[in-house]
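All heavy atoms count here, side chains included; hydrogens, waters and symmetry mates do not. Position 1 is the first residue of the sequence, and the numbers go up from there. All values derive from a computational prediction rather than experimental measurement.
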Amino acid sequence: MIVFTDPNEIPADFGPTVVAIGKFDGVHTGHRLVLEKAIVDAGSQGAKTVAVTFDRNPLAILRPELCPTELVSLAQKIELLGGTGIDAVLVLTFDEVMAQVPAEEFVERILVGNLHAKTVLLGHDFRFGHRGAGNPELLREMGEKFGFTVDAVGDVTDEGDRVSSTRIRELLAEGDVATAARLLGRPHAVAGEVVHGLKRGRELGFPTANLSPQSQGDVPADGVYAGWLRAADGIHRRAAISVGMNPTFDDVEMRQVEAYVLDETDLDLYGQEVVVEFVDRIRGMVAFRGIPALIEQMTDDVARTREILS
């Protein structure tokens, strides 16, 4: 997949294209439905498939007080989009200048001028351009003028749940990573560098890989989870994952993501970039009265992790 970070990087002969436009936060099952339709349409038209997205949530500029935490980082989003089979992604920098671009100019300059779009797909509630004036109706009007068609994709539901980034964020905030995974179409993941911690897990017999506080991805609610750790070698390793400040001790000053890899106590991951995937929540975070009680609970957490991932 080709990644463009400026419309002017797109070769003049790159098109024609089928364009899917959106924030694509999480690249969930609803987003992938749009992208799958784009790929099918492109195949029938002899066109390339392009996702047009932004480097951040536009609310970060327009209404920062209302901007939610993003489910995935930009790097994660690009990687996930690449896994869908599309030909290219155009990542636009959303800043004060972009916020002022009229929707009509956006369509004429980028979708038509740079991408030579023949079909444009978007969610029915997605808006773009100055003051959000760009919507499916405007696109259809401009499509008649510039020769492209528009497909506005409706809501996608899964077992009664509307598939949306907002709903997935709510589930993660509740610790319901299992339902979030169903809506995402994969386990939710946090990625980051393994850094040195207090070594307390090793002292207790459960050495953990501690992710840097600058990790990528929305960290779910405090608690203990069953999941996977994927290191640079690409191997998925079973892991019991702790999220929170560990209230049994009073020397932890910020939330941490720690993963105990089952059956590999000598694994050295320091300095490596790893991905931690959350499969199911085992319990909430609680304070224990003494080390023996904590070790007993951690032993049970590991046993439940084996059972969930078996």
Out of curiosity, does [Y] fall in the hydrophobic cluster containing [X] (side-chain heavy atoms, cut-off under 4.5 Å, transitive links)?
{"X": "L74", "Y": "I21", "answer": "no"}
{"X": "I110", "Y": "F4", "answer": "yes"}
{"X": "V274", "Y": "L309", "answer": "no"}
{"X": "V177", "Y": "V279", "answer": "no"}
{"X": "V261", "Y": "I282", "answer": "no"}

With a 6.0 Å cut-off (strictly less than), is the heavy-atom count around CD of E296, excluding the residue itself, greater than 12?
no
Around atom CD of E79, are there more than 12 heavy atoms of other residues, nucleotides or ligands at under 6.0 Å?
no
Only distances under 3.5 Å count here; give the side-chain donor-acceptor pairs of residues 26-35 to other protein atoms, sequence neighbours excluded, each with its distance to 0.1 Å.
unit_1 : atom_1 : unit_2 : atom_2 : d
H28    : ND1    : G30    : N      : 3.0
H28    : ND1    : H31    : N      : 3.2
H28    : NE2    : H31    : NE2    : 3.3
T29    : OG1    : L183   : O      : 2.8
H31    : ND1    : V27    : N      : 3.4
H31    : ND1    : H28    : N      : 3.1
R32    : NH1    : V27    : O      : 2.7
R32    : NH1    : L184   : O      : 3.2
R32    : NH2    : L184   : O      : 2.7

Out of curiosity, [X] [atom1] to [Y] [atom2], how far, rounded to the nearest 0.5 Å?
{"X": "L121", "Y": "F126", "atom1": "CG", "atom2": "CZ", "result": "12.5 Å"}
{"X": "D176", "Y": "H188", "atom1": "CG", "atom2": "NE2", "result": "12.5 Å"}
{"X": "S73", "Y": "Q214", "atom1": "OG", "atom2": "CD", "result": "13.0 Å"}
{"X": "N114", "Y": "I10", "atom1": "CG", "atom2": "CD1", "result": "5.0 Å"}
{"X": "F54", "Y": "L90", "atom1": "CZ", "atom2": "CG", "result": "9.0 Å"}
{"X": "R182", "Y": "I168", "atom1": "CZ", "atom2": "CD1", "result": "10.5 Å"}

Between [Y] and [X], is there a side-chain heavy-atom distance shorter than 4.5 Å?
{"X": "E36", "Y": "V40", "answer": "no"}
{"X": "V120", "Y": "V107", "answer": "no"}
{"X": "V243", "Y": "F278", "answer": "yes"}
{"X": "F24", "Y": "L80", "answer": "no"}
{"X": "P68", "Y": "T166", "answer": "no"}
{"X": "R306", "Y": "D263", "answer": "yes"}
{"X": "V275", "Y": "Q76", "answer": "no"}
{"X": "I86", "Y": "I39", "answer": "yes"}

If you take all heavy atoms of [X] and [Y], which pair is closest and at what distance?
{"X": "Q45", "Y": "T119", "answer": "NE2-OG1, 2.9 Å"}
{"X": "A117", "Y": "V19", "answer": "CB-CG2, 3.9 Å"}
{"X": "G46", "Y": "P16", "answer": "O-CG, 4.3 Å"}

With a 4.0 Å cut-off on N to O distance, would you call R169 and D218 a salt bridge?
no
Quick one: do E307 and R304 make a salt bridge, cutoff under 4.0 Å?
no
Taking [X] for its side chain and [Y] for its backbone only, find out whether a donor-acceptor pair lies under 3.5 Å.
{"X": "K48", "Y": "L115", "result": "no"}
{"X": "D268", "Y": "Y270", "result": "yes"}
{"X": "E70", "Y": "N57", "result": "yes"}
{"X": "R238", "Y": "T305", "result": "no"}
{"X": "R131", "Y": "P102", "result": "no"}
{"X": "D25", "Y": "L71", "result": "yes"}
{"X": "D87", "Y": "I2", "result": "no"}
{"X": "Q272", "Y": "L269", "result": "no"}
{"X": "H130", "Y": "A99", "result": "yes"}

Using the side chain to side chain donor-acceptor pair (under 3.5 Å) rule, collect all pairs that involve residues 8-23, keeping only residues at least two apart or in two chains.
T5-E9, D6-N8
Solution key, residues 135-148 side-chain donor-acceptor pairs under 3.5 Å, sequence neighbours excluded:
unit_1 : atom_1 : unit_2 : atom_2 : d
N135   : OD1    : E137   : N      : 3.1
N135   : OD1    : L138   : N      : 2.8

